[in-house]
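Predicted, not measured: the structure shown is a model, and the values here were computed from it. Convention: sequence-line order gives letters A, B, ...; per-chain numbering from 1.
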Amino acid sequence: MSLSRSPSPRPGGGWASPGLSSPYVDVSGRSSPANGYRGSSKGNSVTWESAKAKSEGVNGYPSFSTQNHGFFNRHMRTLSNSLPRFSGGPGKSYAEKEKLGRGRWMARPGTRMAKMQSFVRNVPRRWWMRLLGVLALILMIILFYVTPLHYYWRRAKHIGGGKKHVIILAANQGGGVMEWKGPREWAIERDSVRNKRKYANRWGYELEIVDMSTKKRYAHEWRESWEKVDTIRNCLRKYPDAEWFWWMDLNTFIMEPSYSLQSHIFNNLAANTYRDINDYNPLNISHPFPSTYLDADARSPVGDGKPESINLVVPQDCSGFNLGSFFIKRSAWTDRLLDVWWDPVGYEQKHMEWEHKEQDALEFLYINQPWIRPHTAFIPQRKINSFPPGACSENGNDTRIHYNEHDRDFVVNMAGCEWGRDCWGEMYNYRELSNYLNRTLWELFKEELIAPLWFKITGHKVRL
Amino acid sequence: MHLAFPSRKTSNPPQYLPSRTPRFPTLRRSRVQAFVVGALVVGAVLWLISSISGGGERIPSGTPPVVIVTVVDEESYGQAYVKNVKENRREYAKRHGYTTFFPSVGDYDLGGSPVSWAKVPACRHAITKFPHTTYIWYLDQNSFIMNPELKVESHIMEKKRLESLMIKNQPIVPPDSVIKTWPHLKGENIEFALTQDKDGLAQGSFIVRRGEWAKFFLDTWFDPLYRSYNFQKADTHALEHIVQWHPTILSKLVLIPQRTLNAYNPAYYDAKEGQYTDGDFVVRFAGCDTVGRDCIKEAEPFSKQWRTIFYAR
């Protein structure tokens with residue numbers, strides 16, 4: 001706003017210049033004008049006289065009042081007394097109030113709140129730091145296990161090592177051209193696959209489900225049930241990071257998913273396996289090799305004795321090697337074994353005798369070819385391949401062979417259940433038993449505490 | 001209004017605390033640093049020493065690089081003939097620091113299979129007896145080394161030399177078997193060198209590199225199922241069989257020209273290639289043990305010849 005004229009008083013009072021009178025005169029378009037002093041007659045304009053009078057202090061009190069004006073002014077004391085106190089209680093001198101309270105909230109002394117407060121205040125600083133550390137740790141653990149972080153951790157090659165283990169699950173064995181699957185077979189397959197998948201996901205392993213249905217290309221090549229060999233070879237190619245391959249038949253069930261392969265077997269391979277077959281020798285294989293022309297490793301009962309030289313880990317049941325659940329390691333040796341495992345000359349001469357085909361062929365190789373033995377180890381059967389009471393039952397229950405729930409055996413292999421036993425029934429039972437043995441704390445609480453209490457009170461059994 | 005005063009000092013001052021002392025007074029920072037640096041230096045020196053003295057397998061000095069294996073049969077051929085054969089190998093071995101190994105056919109339990117099988121356990125035995133040698137050269141009894149100047153390494157087994165000798169894409173069983181030697185083998189991957197004559201693989205003279213593969217190969221070859229199978233030519237056909245059926249063996253095998261390792265006596269061998277000419281490494285009287293031929297008589301001219309060549313200088 002520019003001043004076009006020099007400011008000069010107007011005859012009626014006020015200033016001619018709009019710039020000077022703007023707060024008071026209604027030129028700025030204010031709808032609620034600022035209230036003038038009390039003596040002003042018009043209210044919305046300050047006259048020369050009134051301003052002069054004001055400056056002379058003749059016109060009584062100013063227009064605003066600090067006393068007894070408005071609700072809060074009148075009720076301040078009552079309101080503030082009803083609020084919680086922000087300083088020391090009665091009996092504290094002013095100085096002490098200053099020191100203790102500093103305007104912060106404080107509980108009244110003697111109350112529980114106050115005791116708590118003083119306790120908290122008296123805890124030393126380093127304890128706070130420790131508490132903080134513990135809390136952070138708990139938070140991190142929760143974060144680690146709730147998020148998929150722990151999955152990637154366990155999979156990572158050099159940390160958890162899950163990627164180094166592949167579970168090969170043979171599905172559809174003997175299916176295809178030989179027979180159709182009924183609902184029971186489907187149920188077995190579903191349960192078995194779900195069991196392995198859960199286990200593999202938990203520990204970050206790879207799971208390879210292979211279709212073992214009898215194929216024409218094997219039938220005409222006389223290679224039925226040697227697909228195992230080809231499958232392992234394919235897996236070696238498919239998982240280049242993997243080190244150990246765990247072959248599992250369909251009729252197996254991992255009873256204790258909380259065991260990792262590393263902690264259960266591979267971290268201490270030497271202690272968990274035995275190299276000398278004389279420890280348990282159902283086939284009566286003469287070991288070590290009698291031929292004197294062989295080298296020291298081949299003639300030693302335990303090979304070179306180093307766990308790194310183990311490339312094949314096989315359990316033995318009551319009648320010899322069992323290939324329902326075994327480990328094989330990636331190595332040049334393994335390539336050679338998989339290569340010579342099936343040979344037409346051997347097949348032609350022995351296929352009537354070898355009713356377990358590749359299993360008998362492996363036994364034959366073990367017996368006759370000295371290069372096999374220094375790299376083969378055996379594992380006590382119940383470590384990875386416990387049998388149900390129905391299998392190997394000629395001599396009754398054998399603690400080396402049969403499943404024992406009190407020892408929490410790792411895996412059950414319902415071997416031979418398709419020959420006159422009830423595969424689905426066994427699978428169902430073991431599944432339920434595994435669930436029962438591995439109940440969570442919450443399930444234990446419900447089933448062991450609440451359900452019996454409820455039964456005592458009401459007399460009704462209840463399923464929670 | 002007033003601004004906040006600086007906070008008062010507490011009226012119960014904390015007790016006097018000495019400045020923080022390390023938990024282990026001997027582990028001052030400077031000492032720890034010196035210790036770490038020292039450990040690193042010692043480690044580096046150890047690593048240098050170990051890498052200079054050659055990592056991996058330690059081969060004791062005085063180990064012969066090549067072992068010449070010949071299975072001898074004194075009963076059928078007579079002591080003089082066998083002595084001559086042994087002398088030929090020994091003289092050759094002496095010149096190059098090699099060694100020889102002469103088991104006899106009766107040393108191994110062959111389970112009733114033909115005696116020609118004895119070469120397989122004999123090679124295995126050589127690996128046991130000379131666990132640090134580099135090559136096992138099996139040379140049949142009915143043969144002579146004719147050129148003492150040639151070394152096994154430089155003449156055949158050296159990487160570059162082997163790659164130049166290698167016969168690629170060659171049917172294992174001539175003339176036209178489906179399985180052929182690999183077209184892209186590298187010299188350092190080869191474990192097994194042998195030759196082919198007009199009938200197929202010639203296992204009268206072959207070189208195998210000592211190692212895990214050699215054990216695997218020999219054990220597989222010696223499998224009782226092959227020995228009991230009645231292959232027409234026993235070990236020869238068994239070898240052709242495993243080479244053709246098992247890629248882990250084929251991929252380590254190299255065929256080299258016949259005359260580099262296995263030239264035949266021209267009087268009894270009518271193929272274009274493979275006939276012995278002067279200067280060749282080895283002459284063999286292949287098939288002299290068949291009916292109507294006489295090994296001792298066939299060997300006689302070459303027996304004189306190798307002596308003149310060997311003792312000329």
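Using a 4.5 Å cut-off between heavy atoms, Ala332(A) makes no contact with chain B at all. Contact annotation for His246(B): both backbone and side-chain heavy atoms come within less than 4.5 Å of a heavy atom of chain A. Residue Pro131(B) does not touch chain A at all, counting heavy-atom pairs closer than 4.5 Å.
Donor-acceptor pairing under 3.5 Å is lacking for the side chains of Thr248(B) and Asp335(A). Gln369(A) and Asp223(B) form a side-chain donor-acceptor contact under 3.5 Å, judged by distance and modelled atom types alone.
Between Tyr293(A) and Tyr108(B), the two ring planes are perpendicular [angle over 60°; tilted spans 30° to 60°]. Ring geometry for Phe327(A) versus Phe266(A): interplanar angle over 60°, hence perpendicular rather than tilted (30 to 60°).
Taking Ile372(A), Leu337(A), Asp295(A) one by one and counting their heavy-atom pairs under 4.5 Å with chain B, the maximum is reached by Asp295(A). With chain A as the partner, the residue from Ala126(B), Ala238(B), Pro224(B) showing the most heavy-atom pairs under 4.5 Å is Pro224(B). Between chain B and the options Thr292(A), Val340(A), Asp297(A), the largest number of non-hydrogen pairs under 4.5 Å is found for Val340(A).
For the ring-ring contact (aromatic ring centres under 6.0 Å, His included) with Phe217(B), the lone residue among Phe222(B), Phe192(B), Phe206(B) that qualifies is Phe192(B).
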